[in-house]
Amino acid sequence: MTNNSLNDIRNALKAAENIAVSAHTSPDGDAVGASCALGFALKKLGKNVKVLLERYSDTFNVMPAEKIADFDIENFVPDLYVSVDCGDIERLGIFGGLYLNTKNTINIDHHESNTGFGKLNYVYPKASSASELVYDIIDGFIPLDENIAACLYSGIIFDTGGFRHTSTSPKTLAIASKLVEYNFNFSRIYNTIFNTRKFEEAKAMGMAIERMKKEENGKIIYSYMTLDDIKLCGTTSDGLSEIINYIKGINGCEVAVFVYEKSEGVFKVSLRSGDEIDVCKVASAFGGGGHIRASGCTISGEPIDIIFKVISEIKKQI
């Protein structure tokens, strides 16, 4: 895949009038932050913009996402569609059809497994986040304000784990330092994303921890939850996002595997690794993808069977 230049991307944004912006299904903090920041910026250019997102965790409304996020594509015909933080068209979910029917498209992403599916592509896997790439596009092109800065900061801290992940570069930290110059409550955003959780989410965490098992002398640690488990805890799949990071933080864990049921018999597999295992290769073996240290896929079957299929793939690298 060949990337287009920054000027190519900016010129396409300037030329369009009706612009759709969206991100991957089950949008996380980076997906929400990057797409909303771009939406705010394009409105400042005078564009007719719709930021199309699936329902996301209300945690992310600590940034001003509610001011711009939309859930309705009815009667909107864009002449440009910008996909943000999404590795392939399938991951656009219900908005994929609109993407395919739009004359011009831009693909902005940082996933190793990105398929280069845009007419214009701006894909850099070494970037910390899609929000970092959106900052690159906006900086010096459209003046930032507190809404844009808050969304970009939220996306960056989410995908870097609060600047803990190895994807955090000097450039990432320099961007964050510029963003916090704007008038938004960055400490509230940080604490809401990382240090607050609902009672029901804590119950789900407890159930997943109780169910943990280990393989390869603790190098691989896994857990799972079914739809019944999730319902029993009173939460949704959005309330499970921190479980995989907790598992990965266990001493000696090289690869964390967390499997949860999204619909009857269909399970999402989340993978996190340390410095030795490329979990993007593991996820790709099952039709998924992501990053070298953080990836995922979707598999149908029974949870334990799925877990051991995934572990078998992981062991090829141990």
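Values below: all heavy atoms of this structure, side chains included; hydrogens, waters and symmetry mates excluded. Start at 1 with the first residue, then count along the sequence.
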Indicate the atoms forming the closest heavy-atom contact of Met63 with Ala150, along with that distance.
CB-O, 4.3 Å

Dump the intermediate steps for side-chain contact (heavy atoms from CB on, under 4.5 Å) on Arg272 and Asn245, then the final yes or no.
CA-CA 7 Å; Arg272 299 290 184 272; Asn245 295 321; 3.6 Å; yes

Could you walk me through whether Ser26 and Asp28 pass the side-chain hydrogen bond (donor to acceptor under 3.5 Å, both in side chains) test, one step at a time?
CA-CA 6 Å; Ser26 302; Asp28 60 14; over 6 Å; no

In short, Ile299 meets Ile306 closest at the heavy-atom pair O-CD1, 3.5 Å

Applying side-chain contact (heavy atoms from CB on, under 4.5 Å), run through Asp85 and Asp109 and close with a yes or a no.
CA-CA 5 Å; Asp85 198 34; Asp109 190 32; 3.8 Å; yes

Can you find a heavy atom in the side chain of Ile108 that is under 4.5 Å from one in the side chain of Leu38?
yes

Should His291 and His110 count as side-chain neighbours, where that means a heavy-atom distance under 4.5 Å?
yes

Is Ser128 reaching over with its side chain to a backbone N or O of Thr168, donor-acceptor style, under 3.5 angstrom?
no

Ser131 versus Leu152, closest heavy-atom pair with distance:
O-CD2, 3.4 Å

Got a sec, which residues hit side-chain contact (heavy atoms from CB on, under 4.5 Å) with Ser83, two or more places apart in sequence or on another chain?
Cys86, Leu92, Tyr99, Phe117

Note: Cys280 and Glu112 closest approach over all heavy atoms is SG-CB, 4.2 Å

Angle between ring planes, Tyr122 versus Tyr124, binned at 30° and 60°: parallel, tilted or perpendicular?
perpendicular

Could you check whether Phe60 and Phe158 have their ring centres less than 6.0 Å apart?
yes

Could you walk me through whether Tyr56 and Phe71 pass side-chain contact (heavy atoms from CB on, under 4.5 Å), step by step?
CA-CA 10 Å; Tyr56 53 81; Phe71 307 100; 4.2 Å; yes

Are Phe184 and Ile189 close enough that some pair of their side-chain heavy atoms sits under 4.5 Å apart?
yes

Side-chain ion pair, Lys316 and Glu313, N-O less than 4.0 Å:
yes

Which heavy atom in Gly155 sits nearest to a heavy atom in Ser129, and how many Å separate them?
O-CB, 4.2 Å

Any donor-acceptor pair under 3.5 Å linking the side chain of Thr172 with the backbone of Ser169?
yes

Check: Lys103 main-chain N/O paired with Lys119 side-chain donor or acceptor under 3.5 Å
yes

Counting only N and O atoms by type, is there a donor-acceptor contact under 3.5 Å from the side chain of Asn191 to the main-chain atoms of Ser187?
yes

Is any side-chain heavy atom of Phe258 closer than 4.5 Å to one of Met225?
yes

I need the single residue from Thr115, Asn114, Asn4 that forms a side-chain hydrogen bond (donor to acceptor under 3.5 Å, both in side chains) with Asn107. Which is it?
Asn114

Please check this pair: side chain of Arg293 against backbone of Gly274, looking for a donor-acceptor N/O pair closer than 3.5 Å.
yes

Would you call Phe163 and Ile156 a side-chain contact if the rule is heavy atoms closer than 4.5 Å?
yes

Asp136 bridged to Lys171 by N-O distance under 4.0 Å:
yes

Taking Ser237 for the side chain and Lys262 for the main chain, is one N or O donor matched with an acceptor at less than 3.5 Å?
no

Test side chain to side chain contact (heavy atoms under 4.5 Å, CB included), reference Cys36, set Ile68, Val84, Ile148, output is Ile68

Asn18 vs Val77 side-chain heavy atoms within contact, under 4.5 Å
no

Look at Lys47 together with Asp79 and state whether they make a salt bridge at an N to O cut-off of under 4.0 Å.
no

If you take the centroid of each ring, where Trp contributes its six-membered ring, are Tyr222 and Phe308 closer together than 6.0 Å?
yes

Listing, residues 227-235 side-chain donor-acceptor contacts under 3.5 Å, not counting sequence neighbours, or none:
residue: Asp229; atom: OD2; partner: Arg211; partner atom: NH1; Å: 2.5
residue: Asp229; atom: OD2; partner: Arg211; partner atom: NH2; Å: 3.4
residue: Asp229; atom: OD2; partner: Thr226; partner atom: N; Å: 2.9
residue: Asp229; atom: OD2; partner: Thr226; partner atom: OG1; Å: 3.1

Does the side chain of Leu13 come within less than 4.5 Å of Val82's, by heavy atoms?
yes

More than 12 heavy atoms of other residues, nucleotides or ligands under 6.0 Å from CG of Asn195: yes or no?
yes

Could you please spell out the steps behind the side-chain contact (heavy atoms from CB on, under 4.5 Å) verdict for Val123 and Asn3?
CA-CA 7 Å; Val123 179; Asn3 272 315; 3.9 Å; yes

Any heavy-atom pair between the side chains of Lys214 and Ile250 that's under 4.5 Å?
no

Main-chain N/O of Gly296 paired with Lys268 side-chain donor or acceptor, under 3.5 Å
no

Set of ring pair (Phe, Tyr, Trp, His ring centres under 6.0 Å) partners for Phe194, sequence neighbours left out:
Tyr190

State whether the number of non-hydrogen atoms from other residues, nucleotides or ligands found under 6.0 Å of Tyr246 atom OH is greater than 12.
no

Where do Ile221 and Cys253 come nearest, in terms of heavy atoms and distance?
CD1-CB, 3.8 Å

Gln317, CD: over 12 other non-hydrogen atoms inside 6.0 angstrom:
yes

Please report the C-alpha distance between Asn7 and Asn11 in whole Å, then the side-chain angles of each, then the deciding distance to 0.1 Å, and finally whether the side-chain hydrogen bond (donor to acceptor under 3.5 Å, both in side chains) criterion is met.
CA-CA 6 Å; Asn7 281 338; Asn11 288 337; 5.7 Å; no

Short N-O contact, Glu276 and Lys219, less than 4.0 angstrom:
no

